[in-house]
Amino acid sequence: MRPGTVFYKMSGSGNDFLMFDGRYWHKEDFTPEAIRAICDRRQGAGADGVIVLDPSAPQGAHFTFRFWNSDGSEGPMCGNGALCATRLASLIELAPSEGEVVFATPVGLHTGQVRKGRPTIHLPDCDLPKPLPKAKVEPAERSPYYANPGVPHVVLIVDDVATVELERRGPPLRRDPATGPGGANVNWVSPAKGGGFRMRTWERGVEGETLACGTGSVACALVLGTLGLAKPPVRLWTASGLPLDVAWTASGKQARSITLSGEGRLVFRGIVGEPARQ
């Protein structure tokens, strides 16, 4: 990104993003190399991904949601990123501060709103989760399921997510042939003391554990509902200690009226500096 460009650092339950107002961005600057550099946590600003709120959008939408993982790959959707985008759009007056926010993604139109500073997004209908019997799981990892609420996920039930060795289990499961050629994000979920469920996620594109995953929480909630372990709404406690709330209705083989609520917090506003010299 060229020096002087304004960016916004935002947190979605610990899932952090560098966000840009698309009215002032330069598309040619957002190369995979530039994305990796600015997301670097030691020599860059540091983030799980980059998001642009592009005003070039279909009729009826306030902006197009463009998302890159920290490895420079472009992704179709990001739940926590969308929560942050809904919040930021109202802050920079790209969308109304009150009322409905509409944005386009490669997987369809989404709507959202902000109430008392807490954003909620509505996700398109998706298929209910399906068993993944061919996944190479360990004995402690039960009921492997595949869910795709805009992004592919594997969900595994465990006794305690704190005991999962994500650095060891994440990479092979993320690329398990049973998930398809592109692989999938991997989520482990266990009951939480006091109610709800705890979750941890290994994210593709980041290739590591993130403190929260919005679409992952939706996938976990849908799997829990499918297994009869929970009824909507479901609260998922993320690795950051902050909650994500998921609601939906099941109709036949589909999940409908899906909503995701969580944090969309502006951490700071910054300016891109000069690139590192070689």
Side-chain angles (χ1 to χ4, degrees), residues 1-22 25-26 29-53 65-85 87-88 91 151 153 161-162 164-175 183-188 198-217 237-244 262-278:
M1 294 80 182
R2 61 194 65 189
T5 303
V6 173
F7 68 88
Y8 303 86
K9 178 73 175 279
M10 296 198 72
S11 171
S13 300
N15 215 182
D16 59 341
F17 308 96
L18 301 172
M19 307 186 68
F20 294 82
D21 185 337
W25 78 307
H26 302 277
D29 291 348
F30 285 70
T31 63
E33 295 77 16
I35 298 292
R36 289 193 292 269
I38 198 169
C39 287
D40 188 295
R41 294 195 182 277
R42 292 191 177 274
Q43 298 193 68
D48 291 327
V50 167
I51 295 169
V52 173
L53 279 59
F65 175 90
R66 302 199 61 185
F67 167 68
W68 291 265
N69 294 296
S70 60
D71 69 355
S73 62
E74 192 161 3
M77 174 57 179
C78 173
N80 281 321
L83 289 172
C84 289
R87 178 71 174 128
L88 181 61
L91 293 174
V151 180
H153 286 270
V161 294
V164 178
E165 300 174 359
L166 262 71
E167 291 289 338
R168 181 177 66 85
R169 296 298 297 138
L173 285 168
R174 171 255 184 276
R175 294 182 173 84
N185 302 283
V186 188
N187 308 270
W188 293 262
R198 296 167 63 203
M199 64 175 287
R200 293 175 69 189
T201 302
W202 184 274
E203 285 203 45
R204 66 176 190 170
V206 177
E207 305 307 332
E209 182 177 11
T210 53
L211 292 180
C213 181
T215 55
S217 70
W237 292 96
T238 67
S240 71
L242 296 174
L244 288 166
E263 181 188 60
R265 179 171 57 90
L266 177 62
V267 178
F268 62 79
R269 178 180 181 273
I271 298 175
V272 176
E274 295 186 5
R277 300 185 181 277
Q278 307 226 349

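The nearest pair of heavy atoms linking P171 to R168 is CD-O, 4.0 Å. L166 approaches R200 most closely through the heavy-atom pair CD1-CZ, 3.5 Å. The minimum heavy-atom distance between A47 and S70, with the atom names listed, is O-CB, 3.6 Å. Between I51 and G81, the closest heavy-atom pair is CD1-CA, 3.5 Å. Across C84 and M19, no two heavy atoms sit closer than the pair CB-SD, 3.7 Å. Scanning both residues, S240 and S13, for their nearest heavy atoms gives OG-O, 2.6 Å.
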*Residues V6, R269; criterion side chain to side chain contact (heavy atoms under 4.5 Å, CB included); working and verdict*: CA-CA 7 Å; V6 173; R269 178 180 181 273; 3.6 Å; yes
*Step by step, work out the side chain to side chain contact (heavy atoms under 4.5 Å, CB included) result for V272 and I38.*
CA-CA 9 Å; V272 176; I38 198 169; 4.2 Å; yes
*Can S217 and T238 be said to form a side chain to side chain contact (heavy atoms under 4.5 Å, CB included), step by step?*
CA-CA 8 Å; S217 70; T238 67; 5.9 Å; no
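The backbone N or O of T210 sits nowhere less than 3.5 Å from a side-chain atom of T201 that would complete a donor-acceptor pair. Listed for the D71 side chain is a donor-acceptor partner under 3.5 Å among the backbone atoms of S73.
Taking 4.5 Å as the limit, every side-chain heavy atom of F7 sits out of range of all side-chain heavy atoms of M1. Side chains of T5 and W25 form no contact here, defined as non-hydrogen atoms less than 4.5 Å apart. In this structure the side chain of E203 reaches within 4.5 angstrom of the side chain of N15, judged on heavy atoms. Residues W188 and R198 form no side-chain contact, since every pair of their non-hydrogen atoms from C-beta on lies 4.5 Å or further apart. Using a 4.5 Å cut-off on side-chain heavy atoms (C-beta onward), R66 and F30 make no contact. For the pair C78/F17, a side-chain contact is recorded, criterion being any heavy-atom separation below 4.5 Å from C-beta on. At a threshold of 4.5 Å between non-hydrogen side-chain atoms, the residues Y8 and L53 do not count as touching. Looking at N80 and L244, their side chains come closer than 4.5 Å, going by heavy atoms from C-beta outward.
Considering OG1 of T215 and NE2 of H153, their distance stands at 3.0 Å, rounded to 0.5 Å. Taken to the nearest 0.5 Å, the CG atom of N69 stands 11.5 Å off from the CZ atom of R36. Rounded to the nearest 0.5 Å, atoms CE (M10) and CG (D16) are 11.5 Å apart. To the nearest 0.5 Å, the span separating CZ on R204 from CZ on R175 amounts to 10.5 Å. Put simply, CZ on R265 and OG on S11 are 4.5 Å apart, with the number rounded to the nearest 0.5 Å. For the atom pair CG of D21 and CG of L88, the computed distance is 7.5 Å after rounding to the nearest 0.5 Å.
Summarising the local packing, CD of Q43 is surrounded by 12 or fewer heavy atoms from other residues, nucleotides or ligands at distances under 6.0 Å.
We find that R41 and D48 are joined by a salt bridge, their nearest charged nitrogen and carboxylate oxygen being less than 4.0 Å apart.
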